[in-house]
K.L.:
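My structure is below; once you've seen it, I'll send some questions.
Chain naming here is simple, since letters A, B, ... match the order of the sequence lines and numbering starts at 1 in each.
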There are 2 protein chains.
Amino acid sequence: MSMLRRRMRVAIIGCGVIGRSWAVVFARAGAEVRLYDQNGDAAQRAPAVIAETLRGQGMKAAEVRAIEAALLPVDSLAEALGGAQYAQESIAETVAAKRAIFEQMDAVAPRECILASSCSSIPPAEFLGGLAGEWRSLIAHPFNPPHLIPLVELVPAPGTAEKVVARARRLLAGFGQHPVLLHKPVEGFIGNRLQAAVVSEIMHLIGEGVASPADIDACLRLGLGLRWAMMGPLETMDLNADGGIADYIGKFGKDYQALSRKLGIAEPWREEAVAAAIESRRAALPIAALRKRMGWRDRNLLRLRQLLEAPARR
Amino acid sequence: MSMLRRRMRVAIIGCGVIGRSWAVVFARAGAEVRLYDQNGDAAQRAPAVIAETLRGQGMKAAEVRAIEAALLPVDSLAEALGGAQYAQESIAETVAAKRAIFEQMDAVAPRECILASSCSSIPPAEFLGGLAGEWRSLIAHPFNPPHLIPLVELVPAPGTAEKVVARARRLLAGFGQHPVLLHKPVEGFIGNRLQAAVVSEIMHLIGEGVASPADIDACLRLGLGLRWAMMGPLETMDLNADGGIADYIGKFGKDYQALSRKLGIAEPWREEAVAAAIESRRAALPIAALRKRMGWRDRNLLRLRQLLEAPARR
């Protein structure tokens, strides 16, 4: 990590699989990480479990030791949050449990501390709404495991201050994650909605006997997934036609929408959505640079296949 | 490629982007590749265009020369198909054009030659049905570009012989591709249906103002795509719960289906589809091996991120 925190202090609230992986995100970037868990000795055991996991992933012994040294298990929320600039909660996914822990966190955390929840499925208003510190609270939903998958969905509560959202976004980006911002707390947020669309269509295809489950899984892995690991679907379309995404949608947009109707997705693409998608791609990459980026895509595809097909990695 | 063809002869019919990339698939594995195109000098120009593309992708000069040497542009279908064991057609995507070229190919190709079409959107019965050589004809739909993306969807016509399907599958696998078999010619086949589901939901989310197009694209790339490049969605679920996919679906299956209904996909997952998905995963990986495979996933995720984040590859 290039921009080392000056011993920023982060509190991990809940030391299960997700909390432990979050601890690695902060510790490897040089933060002091305090670990707290309401249950038994989960926090005390966490550093050893984390070290074992990282060694299993091939991390060098010296790096593992440095991370372990940055982790401090504590016995109370007050100790965890004392002097902290950021707290990441990853406890049970129920409104009652989340509400209770946020009230306690809010009572003891210093005023400048952001309170973030790993919540994946509860609308933020349901457990953050009306909290005294709602203004400094929000959802920061990771993908599993966060120290390997950089995506974090930021979902503000109705009363979250815009400044706090902006600060959380900068802070997480500084720790090497990739935060995205949801302007509305749609059910499932974004990643899980897209995942649900794919998994439900897969179940439909299996149910119809279209192909074997293994063959259907391979269509994602060896077809779409190789591209989407390096480009989202919008960039994928952008690089699949000489005139970019506008050209691609002009040629195939109707076919996609006809197919989507077969899947049950009846809503046509709105003109303003298509326009926004095109505008976003052109802001990211001028048409004149398309061909060069296609070369980047192809070279990376080649490297990706070599990496994934190397026998030692199977 | 470990299993070198003994100068197997392959015919490329149509030398556009897809046909040229197919030529690389066969030539790099040692086949003799004859190139034919109905239009002007497209076949004559193809070897130089292919060589330039491969050099741009960083292939070594000696390998490029070996591939170029395996390519032979010809001026007639009869020359292209003489002595060929396999023909891959990649011409314009219209029923009339496909039907006409298949009739001509069928008239001159030796009896043992498989006739395959790169067709992406026409049901095979519409241009192969009733052809004298329907029994040896089928769709072999690639993803672009086939020499970098291994997935090939095999879609037999009603009259395609099972032996031919099995032989095409073996043959393409021998050339390093990954063929999957569709038992029914559903609209869009598999890959494009899954792609349509994702793109339509992306357009919906943009239209609703849920997040910026760039942020939504990042959700695929930095969340789901990193996993799907190495595991299909079924294997992803399998490795996301201690008890495998059955455990995962038990915990989250209802949530996924509720989300899918929000997207317009009203059909519930059929019990037999879920059972088939679970059975397929258990046949691929016993529960006792799950933990080890999770380690493989995590080590590969780490390598994948290092690869994709290396500045030189941006």
Side-chain angles (χ1 to χ4, degrees), chain A residues 56-58 143 148 150-151 178 180 182-184 186-188 190-191 194 196-201 203 206-207 209-211 213-215 217-223 225-226 228-230 232-234 256 259-260 262-266 269-270 273 276-277 280 295 298-301 307-308 313, chain B residues 56-58 143 148 150-151 178 180 182-184 186-188 190-191 194 196-201 203 206-207 209-211 213-215 217-223 225-226 228-230 232-234 256 259-260 262-266 269-270 273 276-277 280 295 298-301 307-308 313:
Chain A
Q57 285 163 9
F143 281 70
L148 297 175
L151 177 66
H178 191 101
V180 298
L182 273 71
H183 301 299
K184 296 178 182 179
V186 288
E187 204 171 321
I190 296 172
L194 298 173
V198 165
V199 173
S200 287
E201 177 57 15
M203 289 298 176
I206 295 174
V210 171
D215 271 3
D217 231 24
C219 287
L220 243 299
R221 181 166 61 89
L222 296 165
L226 286 172
W228 289 344
M230 68 178 75
L234 297 178
Y256 272 103
L259 263 187
S260 301
K262 297 271 164 189
L263 274 46
I265 303 172
W269 298 356
R270 290 180 228 167
S280 157
D298 291 344
R299 287 191 304 279
N300 258 356
L301 275 175
L307 176 84
L308 294 172
R313 275 108 203 219
Chain B
Q57 287 163 7
F143 282 69
L148 297 174
L151 178 65
H178 190 101
V180 298
L182 273 71
H183 302 298
K184 295 178 184 180
V186 289
E187 204 171 321
I190 295 173
L194 297 172
V198 165
V199 173
S200 287
E201 177 58 15
M203 289 298 176
I206 295 175
V210 171
D215 271 3
D217 232 23
C219 286
L220 242 299
R221 182 167 59 90
L222 295 165
L226 285 172
W228 290 345
M230 68 179 77
L234 297 177
Y256 273 102
L259 264 186
S260 300
K262 297 271 165 190
L263 274 48
I265 304 173
W269 297 357
R270 291 179 227 168
S280 157
D298 292 346
R299 286 190 305 278
N300 258 357
L301 276 174
L307 174 83
L308 294 171
R313 276 108 203 220

K.L.:
Would you find a donor on one side and an acceptor on the other, under 3.5 Å apart, between the side chain of Asp298(A) and the backbone of Gln57(B)?
P.N.:
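Absent.
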K.L.:
Hey, mind stepping through His178(B) and Val180(B) against side-chain contact (heavy atoms from CB on, under 4.5 Å) and telling me if it holds?
P.N.:
CA-CA 7 Å; His178(B) 190 101; Val180(B) 298; 3.9 Å; yes
K.L.:
Any chance you could lay out the side-chain contact (heavy atoms from CB on, under 4.5 Å) test for Leu226(B) and Phe143(A), step after step, and finish with the verdict?
P.N.:
CA-CA 11 Å; Leu226(B) 285 172; Phe143(A) 281 70; over 6 Å; no
K.L.:
side-chain contact (heavy atoms from CB on, under 4.5 Å) between His183(A) and Val210(B): does it pass, once the steps are laid out?
P.N.:
CA-CA 5 Å; His183(A) 301 299; Val210(B) 171; over 6 Å; no
K.L.:
Keeping the roles fixed (side chain from Ser200(A), backbone from Ala196(A)), state whether a donor-acceptor pair exists under 3.5 Å.
P.N.:
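Here the side-chain-to-backbone pair exists.
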K.L.:
Could you tell me which of Gly223(A), Pro233(A), Gly207(A) has the largest number of non-hydrogen atom pairs under 4.5 Å with chain B?
P.N.:
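Top count of heavy-atom pairs under 4.5 Å with chain B: Pro233(A).
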K.L.:
Heavy-atom pairs under 4.5 Å with chain A - which of Leu182(B), Ile206(B), Asp215(B) has more of them than the others?
P.N.:
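The answer is Asp215(B).
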K.L.:
At a heavy-atom separation under 4.5 Å, does Ala266(A) approach chain B through its side chain, its backbone, both, or neither?
P.N.:
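No part of it gets close to chain B.
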K.L.:
Side chain, backbone, both or neither: which part of Val186(B) has a heavy atom under 4.5 Å from chain A?
P.N.:
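For Val186(B), the side chain is the part near chain A, not the backbone.
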K.L.:
With chain B, which of Ala229(A), Ser260(A), Gly264(A), Ala277(A) has the greatest number of heavy-atom pairs at distances under 4.5 Å?
P.N.:
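Heavy-atom pairs under 4.5 Å are most numerous for Ala229(A).
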